[in-house]
K.L.:
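This structure is in C-alpha cells; I'll ask about it shortly.
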Amino acid sequence: MGLLNFTRDPVPEAVSGDMHNLNQLSAQQFSALTELLFRFLTEPKEVERFLTQLSDFATMNKISLGPLKNIVKSILLVPNGALKRNLSSEQVRADFIALGLSEEKASYFAEQWKVNSPTLTRLAVGQTLMINQLIDMEWKFGVTAGSSELEKVGSIFLQLKLVIKKGSQLENVYVELTLPQFYSFLHEMERVKTSLESFS
Amino acid sequence: MAALRDADFAALQILLKAPSKDAVRQLCQECFSSPPAALGPLAQRACPGLAVSAEEAEQLVTALHNLTRHVVYRGLTSAEDILCLFPEDFHQNLKNLLTKIILENISAWRNEAQASQISLPRLVDMDWRVDIKTSSDSIVRMAVPTCLLQLKIQEDAALCGNNPVVSALTVELSKETLDTMLEGLGRIRDQLSAVANK
C-alpha cells in the first residue's frame with residue numbers, strides 16, 4: 001500500500017478485509033449505504049437514528065450487523081481524515097482504491113464526497129474551539145422615570161443580556177448602556193463587520 | 001427623602017458662624033455628596049471651623065444634606081422656587097447666599113445623582129480584535145476570521161462606594177453571530193429613532 005492522503009498513521013489490518021466485503025455489495029446496496037453514511041456525517045448528533053438505519057439496512061440486505069458496523073468503521077476513516085486535511089475528491093478516490101475498494105465504488109463515493117464536502121467543512125469549522133462564545137443576545141430599552149434621588153428623570157437606558165458559553169455551561173451577563181454608548185457600540189460593531197468581511 | 005422641618009432651618013442658621021462664604025459653599029457641596037451614613041464624620045470635621053458643639057454640627061450637616069438633596073430631587077431650577085422653601089423669619093442674607101450656592105451647583109449635583117443611580121452593571125469600555133483561525137484539531141488548514149470582543153463592565157456604583165469593581169469579559173463572535181447581533185442592534189436603533197420622533 002502506497003502513501004495514503006487521508007492519514008499518515010498505519011491503517012488497521014481489518015480495513016482491507018472490510019473493503020473486500022464492501023466490494024461484494026451490489027451497486028444499489030453500496031449507494032444506499034453511502035447515502036446513510038453521509039446523512040450521519042452531515043448530522044453527527046443523530047447517532048440513534050444512524051444506528052437504527054444501519055440495523056434496518058443489515059436486516060433488509062441479510063447482512064449481520066456486527067460485521068457491517070466494522071465495515072462502516074473502516075469506511076468512515078477516509079472521510080474523517082479527508083475532512084481534516086481538506087482533500088479533493090480525486091484524493092479520496094485514490095485512497096479508497098489504494099485500500100482495496102473497486103474503482104467503480106471508489107469513484108461513486110468520491111463523487112458523493114464532492115457533493116457533501118462544503119456542508120462537512122462548515123460543520124468542522126463550527127466545531128473549532130471558541131473561547132466564551134456569544135450564543136445569544138437579548139435586549140430591552142426604556143426610560144427611567146424617577147429615582148430616590150431625582151423625582152423626574154426621563155433618561156433612556158438600554159439593557160443587554162448576553163448569553164455566553166463558558167466551557168460547557170451557559171452564563172448570562174447583564175450590561176446597561178447609555179444612549180451615546182449604544183451608538184458608539186453599534187459603530188464599532190459595524191467596523192468589525194467590515195473587517196471580517198474583508199478577510200472572508 | 002426626609003421633608004424639611006423647622007428644626008432643619010433652625011440648624012441652618014448655624015451657618016452664620018461660618019468663617020467665609022467659600023466655607024459655606026464648600027460645606028454645601030460636601031453635604032450633598034455625602035451619603036447619609038457619612039454625615040457623622042463630616043460633622044466632626046466641620047465642628048472646629050464653625051466653633052459649635054458636636055451635636056449642633058451634626059444637626060447642621062444633616063439639615064444641609066436634606067436641603068440640597070430635596071432641591072435636586074424636586075428638580076427646582078429657579079431662585080423663586082428655592083427661596084420659597086425657607087420660612088418667613090429666616091435670615092435674609094443667608095437665605096440668598098444658600099440659594100445662590102444651590103443654583104450654582106444644581107446641574108452638577110443632578111448629574112452626580114444620575115451617575116450614582118442604581119443600575120445593572122454598566123459598560124465602561126469596549127475593545128475588539130479580529131483574528132484569522134488558520135488551523136485546529138478538526139481542520140488542519142483553514143482561514144476563518146473571528147472577532148474577539150472585550151467588554152469592561154463596572155458593577156453597580158452604589159454597592160462599591162469608592163472602589164468600583166471593573167471586570168473584563170472577553171467574548172468570541174463568529175461572522176454569523178456578529179451579523180445577527182448587528183441585525184438586533186439595528187432594530188434597537190430604528191426603535192429609538194421612532195421613539196425620538198414621536
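In what follows, every chain begins at residue 1, and chains take the letters A, B, ... in the order their sequences are listed.
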K.L.:
Would you say A/V175 ends up clustered with A/F141 if hydrophobic residues are merged whenever their side chains have heavy atoms under 4.5 Å apart, either directly or through other cluster members?
P.N.:
yes
K.L.:
Counting only N and O atoms by type, is there a donor-acceptor contact under 3.5 Å from the side chain of A/K84 to the main-chain atoms of B/R141?
P.N.:
no
K.L.:
How far does CD1 of B/I188 sit from CG of A/L186, to the nearest 0.5 angstrom?
P.N.:
8.5 Å
K.L.:
With distance as the sole test, does A/E149 use its side chain to make a donor-acceptor pair with the main-chain N or O of B/Q114 at under 3.5 Å?
P.N.:
no
K.L.:
Under a 4.5 Å heavy-atom cutoff, which of A/L158, A/N132, A/T178, A/T144 has the most pairs with chain B?
P.N.:
A/N132
K.L.:
Would you say the side-chain atoms of A/E176 pair up with the backbone N or O of B/P121, donor to acceptor, closer than 3.5 Å?
P.N.:
no
K.L.:
In terms of heavy-atom proximity below 4.5 Å to chain B, should A/Q159 be classed as side chain, backbone, both, or neither?
P.N.:
side chain
K.L.:
Side chain from CB out, backbone as N, CA, C, O: work out which of these in A/T121 comes under 4.5 Å of a heavy atom of chain B, or both, or neither.
P.N.:
both
K.L.:
In Å, rounded to the nearest 0.5 Å, how long is the span from CZ of A/F182 to CG of B/L123?
P.N.:
12.0 Å
K.L.:
Indicate yes or no: at least one non-hydrogen side-chain atom of B/R122 is less than 4.5 angstrom from one of A/L177.
P.N.:
no
K.L.:
At what distance, to the nearest 0.5 angstrom, does CD of B/Q117 lie from CZ of A/F157?
P.N.:
9.5 Å
K.L.:
Taking side chain as C-beta onward, heavy atoms only, is A/Y183 less than 4.5 Å from B/L192?
P.N.:
yes
K.L.:
Which bit of A/E188 is near chain B, if near means a heavy-atom gap under 4.5 Å: side chain, backbone, both or neither?
P.N.:
both
K.L.:
Which residues in residues 168-181 of chain B have any heavy atom closer than 4.5 Å to a heavy atom of chain A?
P.N.:
B/L169, B/T170, B/V171, B/E172, B/L173, B/S174, B/K175, B/T177, B/L178, B/D179, B/M181
K.L.:
Atom CG in A/L83, atom OG in B/S138: separation rounded to 0.5 Å?
P.N.:
8.0 Å
K.L.:
Quick check on A/L179 against chain B: is it the side chain, the backbone, both or neither that has a heavy atom closer than 4.5 Å?
P.N.:
side chain
K.L.:
Tell me whether B/D6 at atom CG has more than 12 heavy atoms from other residues, nucleotides or ligands lying less than 6.0 Å away.
P.N.:
no
K.L.:
Non-hydrogen atoms of chain B under 4.5 Å away: do they reach the side chain of A/E138, the backbone, both or neither?
P.N.:
neither
K.L.:
Check the pair B/R74 / A/E151 against salt bridge (Lys or Arg N to Asp or Glu O under 4.0 Å), numbers first and verdict last.
P.N.:
CA-CA 6 Å; B/R74 295 294 310 285; A/E151 195 177 25; 3.2 Å; yes
K.L.:
Please check if atom CD in A/Q24 has more than 12 non-hydrogen atoms from other residues, nucleotides or ligands closer than 6.0 Å.
P.N.:
yes
K.L.:
Show the nearest heavy-atom pair for residues A/M137 and B/L185, with the distance to one decimal.
P.N.:
CE-CD2, 3.9 Å
K.L.:
Hey, does B/I139 have a side-chain heavy atom less than 4.5 Å from the side chain of A/N86?
P.N.:
yes
K.L.:
Is it possible for you to say whether A/L68 and A/M60 belong to one hydrophobic cluster, with membership spreading through side-chain heavy-atom contacts below 4.5 Å?
P.N.:
no
K.L.:
Decide whether A/I71 and A/F50 are clustered together by the hydrophobic rule: side chain heavy atoms of Ile, Leu, Val, Met, Phe, Trp, Tyr closer than 4.5 Å, transitively.
P.N.:
yes
K.L.:
With a 4.5 Å cut-off on heavy-atom pairs, point out which of A/Q181, A/R191, A/K140 contacts chain B the most.
P.N.:
A/Q181
K.L.:
With a 4.5 Å cut-off on heavy-atom pairs, point out which of B/V140, B/L148, B/V144 contacts chain A the most.
P.N.:
B/V140
K.L.:
Side chain, backbone, both or neither: which part of A/I135 has a non-hydrogen atom closer than 4.5 Å to chain B?
P.N.:
neither
K.L.:
Taking side chain as everything from C-beta outward and backbone as N, CA, C, O, which of these in B/L151 sits under 4.5 Å from a heavy atom of chain A? Side chain, backbone, both or neither.
P.N.:
side chain
K.L.:
Which atoms of B/S135 are under 4.5 Å from chain A, going by heavy atoms: the side chain, the backbone, both sets, or neither?
P.N.:
neither
K.L.:
Scan B/L149, B/V130, B/L182 and name whichever one has a side-chain contact (heavy atoms from CB on, under 4.5 Å) with A/V192.
P.N.:
B/V130
K.L.:
Is B/E104 atom CD crowded by more than 12 heavy atoms from other residues, nucleotides or ligands, each under 6.0 Å away?
P.N.:
yes
K.L.:
For A/Y174, which atoms come within 4.5 Å of any heavy atom of chain B: side chain, backbone, both, or neither?
P.N.:
both
K.L.:
Which answer fits B/R129, side chain, backbone, both or neither, if we ask what part of it has an atom under 4.5 Å from a heavy atom of chain A?
P.N.:
neither
K.L.:
Rounded to the nearest 0.5 Å, what separates atom CD1 in B/I153 from atom CG in A/L162?
P.N.:
7.0 Å
K.L.:
Might you point out which heavy atoms bring A/K152 and B/R110 nearest each other, and give the distance in Å?
P.N.:
O-NH2, 2.8 Å
K.L.:
Taking all atoms of both residues into account, what is the closest heavy-atom pair of A/W139 and B/G184, and its distance?
P.N.:
NE1-O, 4.0 Å
K.L.:
Please say yes or no: joined through hydrophobic side-chain contacts below 4.5 Å, possibly via intermediate residues, are A/I75 and A/L51 part of one cluster?
P.N.:
yes
K.L.:
Can you tell me how far apart SG (B/C147) and CG (A/L196) are? Round to the nearest 0.5 Å.
P.N.:
6.0 Å
K.L.:
With a 4.5 Å cut-off on side-chain heavy-atom distances among I, L, V, M, F, W and Y, is there a chain of contacts connecting A/L22 to A/Y108?
P.N.:
yes
K.L.:
Against chain B, label A/V173 side chain, backbone, both or neither, depending on which of its atoms sit under 4.5 Å from a heavy atom there.
P.N.:
side chain
K.L.:
Answer with side chain, backbone, both or neither: which region of A/K166 has an atom nearer than 4.5 Å to a non-hydrogen atom of chain B?
P.N.:
side chain
K.L.:
Any non-hydrogen side-chain atom of B/W109 less than 4.5 Å from a side-chain atom of A/L150?
P.N.:
no
K.L.:
What residue in A/S184, A/G126, A/A124 has the most heavy-atom pairs under 4.5 Å with chain B?
P.N.:
A/A124
K.L.:
Heavy-atom count around B/K95 NZ within 6.0 Å, excluding the residue itself: above 12?
P.N.:
yes
